[in-house]
Amino acid sequence: MAFFKYNNIKVAGVACAVPKNIILTETYKSLFGDEEVEKFMEMTGVRSSHRTLEHQTCSDLGFRAASELLAHKGVKPEEIGAVIFSSHSPDYRRPATAFVLQYRLGIPKEAVCYDISLGCSSLVVGMQTVASIMNTGDIQKALLFVGDTAGKSVYPEDRSSAMLFGEAGAVMLLEKTDDPKDEINALVRSDGSGYRYMIVPGGGYRNLHASEDVVMCEDGNPRTLMNSFIQGTSVFTFTIFDVPHLIKDFFTQTETTPDQYDCFAFHQANLYILKQIAKKTKIDFDRMPITLDRYGNTSGASAIVSLCDKYGNSNENKTIKVMACGFGIGISLGATSFEINTADILPIFEDDTIFEDGLITDPNQLYEKK
Amino acid sequence: MEIKEFVEKFAECFDDTDANVFTPETKFRELEEWSSMTVLSVIAMIGDEYDVPMMGHDIRECETIQDLFEKVKSKM
């Protein structure tokens, strides 16, 4: 169920950007103690991560990535027929961030634009959505934006999450082609019984004006209702049971084997989890690029961040077969496969540009004539 | 499955604690090395050896290694 196969659609390029500010994980030793931080680094693999400025968003990072990718491909904004922003870190509570990106990039009114509310699985589920739009409509080129600024929702003294997340914005350009051998496969699953496992419980319309009092939680970490909660043990169990199961089913559905893939661009959850998944699915760990060490867990952007890190600076011009896998908040999980030319994988850009026009700090800014 | 074997495999999840410390009656939360990270090793071990998914609440309901053993058995 929920297996998709699209022909005549290809991944024409990927790009990503990260903020310039680097936080070294070891600097948390003064807050959490040497032993705790050392163990955390050993298990998760996170030794540093890039963090956004106060008013910098993942759409700012996605904007830079998309500008670079369109320039590299020689694609004009007028050619883009769909803009989908798949993320849990929108610029505003409303409207959808896809419209802000459409406006900034100069994409015409004829385009379809909307957001998908997803975190770590945003790339694979987003690809399934965009490919479906293209498959049934007349759109020739589409942009899929992914990424999060997850760290902004973490209480700074929460040991379970404060050191884990990095921030990034990424983009994928999808194109319709005349070649039926251009193929994208996707297998998507969801488990709503785990909606509480990863959650920001306040600030939504269930509890819009939630208390911002700091509460010492049962797991020994302080948080408010406006912070993100992760029930690590239950999430871990899901990742080592459901994710390998999904991957094995993907191989069966696509009639492929692990050795047929050049690269496993997997969500960078944490190193221990990735090793567990590789072991259980007989995937060669050496073909799974790792960026957790320098960029942290960059949520939905992480698969593209890893592709850009591995291939972005190579001068090779060859087509590789990629399997991408995303899993997390929802609970949502999925796998996709596609081919991409390494020349269309851009290097990681560093950027701290903020869309100043989009920052409303005084309501009367909205009444200014532009 | 045998409790003796389960205790041995449980002990293998720990790096610094002497294997002789572990008995069925061991209250695992009182071990100095017990942490949010060792619990993941235990969950991974139970997954590998017994193919049983242990959720956070399953672990929370247990106090001793014997309790965990019974919990795993009940879910097999």
Side-chain angles (χ1 to χ4, degrees), chain A residues 25 32-46 158-164 191 193-199 217-221 229-246 248 269-282 331, chain B residues 1 5-19 21-22 24 26-76:
Chain A
T25 310
F32 300 138
D34 287 12
E35 197 187 352
E36 174 106 13
V37 175
E38 285 293 339
K39 276 191 173 171
F40 175 87
M41 289 195 287
E42 195 191 329
M43 193 199 73
T44 64
V46 180
D158 175 354
R159 280 172 286 126
S160 74
S161 308
M163 301 179 276
L164 183 64
D191 182 3
S193 73
Y195 78 94
R196 286 164 168 244
Y197 291 166
M198 287 159 278
I199 189 168
C217 302
E218 271 188 35
D219 69 346
N221 290 298
F229 287 67
I230 300 181
Q231 294 190 33
T233 44
S234 297
V235 172
F236 178 72
T237 305
F238 144 74
T239 54
I240 63 165
F241 276 86
D242 293 33
V243 177
H245 196 185
L246 170 98
K248 286 179 195 167
N270 80 44
L271 196 59
Y272 187 61
I273 284 173
L274 286 175
K275 283 181 177 167
Q276 287 280 334
I277 292 173
K279 189 178 81 177
K280 285 174 188 287
T281 53
K282 301 187 169 57
I331 284 174
Chain B
M1 78 190 254
E5 180 198 333
F6 186 79
V7 172
E8 279 170 17
K9 294 200 185 305
F10 187 93
E12 284 168 15
C13 299
F14 291 74
D15 294 329
D16 305 330
T17 312
D18 193 298
V21 171
F22 298 90
T26 303
K27 292 178 178 171
F28 52 84
R29 268 184 212 83
E30 292 174 6
L31 296 167
E32 200 183 334
E33 206 186 334
W34 180 255
S35 70
S36 58
M37 294 168 210
T38 41
V39 68
L40 301 188
S41 306
V42 170
I43 290 172
M45 179 277 287
I46 293 171
D48 284 344
E49 298 291 335
Y50 307 102
D51 200 28
V52 168
M54 292 289 275
M55 305 307 279
H57 61 87
D58 292 322
I59 307 272
R60 273 197 295 279
E61 288 165 13
C62 298
E63 195 181 355
T64 64
I65 299 177
Q66 179 81 39
D67 294 341
L68 270 180
F69 174 75
E70 299 297 339
K71 178 67 86 180
V72 172
K73 248 177 35 179
S74 74
K75 291 173 68 110
M76 278 172 89

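Keep in mind it's a predicted model, so treat the numbers as computed, not measured. In what follows, every chain begins at residue 1, and chains take the letters A, B, ... in the order their sequences are listed.
Residues A:Phe238 and A:Tyr197 fail the side-chain proximity criterion, which asks for heavy atoms closer than 4.5 Å.
Of all heavy-atom pairs spanning B:Val39 and B:Ser36, the tightest one is CG1-O, 3.1 Å. Nearest heavy-atom pair, A:Arg159 versus A:Asp219, reported as atom, atom and distance to 0.1 Å: NH2-O, 4.4 Å.
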Verdict with reasoning, A:Ser160 to A:Phe229, per side-chain contact (heavy atoms from CB on, under 4.5 Å): CA-CA 9 Å; A:Ser160 74; A:Phe229 287 67; over 6 Å; no

Working for side-chain contact (heavy atoms from CB on, under 4.5 Å), residues A:Ile331 and A:Met198: CA-CA 8 Å; A:Ile331 284 174; A:Met198 287 159 278; 4.3 Å; yes

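There is no contact between B:Val42 and chain A, counting heavy-atom distances below 4.5 Å. Within the 4.5 angstrom heavy-atom criterion, atoms from both the backbone and the side chain of A:Phe40 approach chain B.
Identified by a heavy-atom distance below 4.5 Å to chain A, contributing residues of residues 69-76 of chain B are lacking entirely. Residues of residues 54-64 of chain B placed with any heavy atom under 4.5 Å of a heavy atom in chain A are listed by number as B:Met54, B:Met55, B:Gly56, B:Arg60.
The salt bridge (charged side-chain N to carboxylate O under 4.0 Å, His left out) test applied to A:Lys279 returns B:Asp48, not counting sequence neighbours.
Residue pairs that meet the ring pair (Phe, Tyr, Trp, His ring centres under 6.0 Å) test with at least one member in residues 33-55 of chain B, sequence neighbours left out, are B:Phe6-B:Tyr50, B:Phe28-B:Trp34.
Although no hydrogens or angles enter the test, the distance criterion places a donor-acceptor pair under 3.5 Å between the side chain of B:Thr38 and the main chain of B:Glu33. Without hydrogens or angle criteria, A:Thr25 side chain to A:Val46 main chain gives a donor-acceptor distance under 3.5 Å.
For the options A:Glu36, A:Lys280, A:Gln231, heavy-atom pairs under 4.5 Å to chain B are most numerous at A:Lys280.
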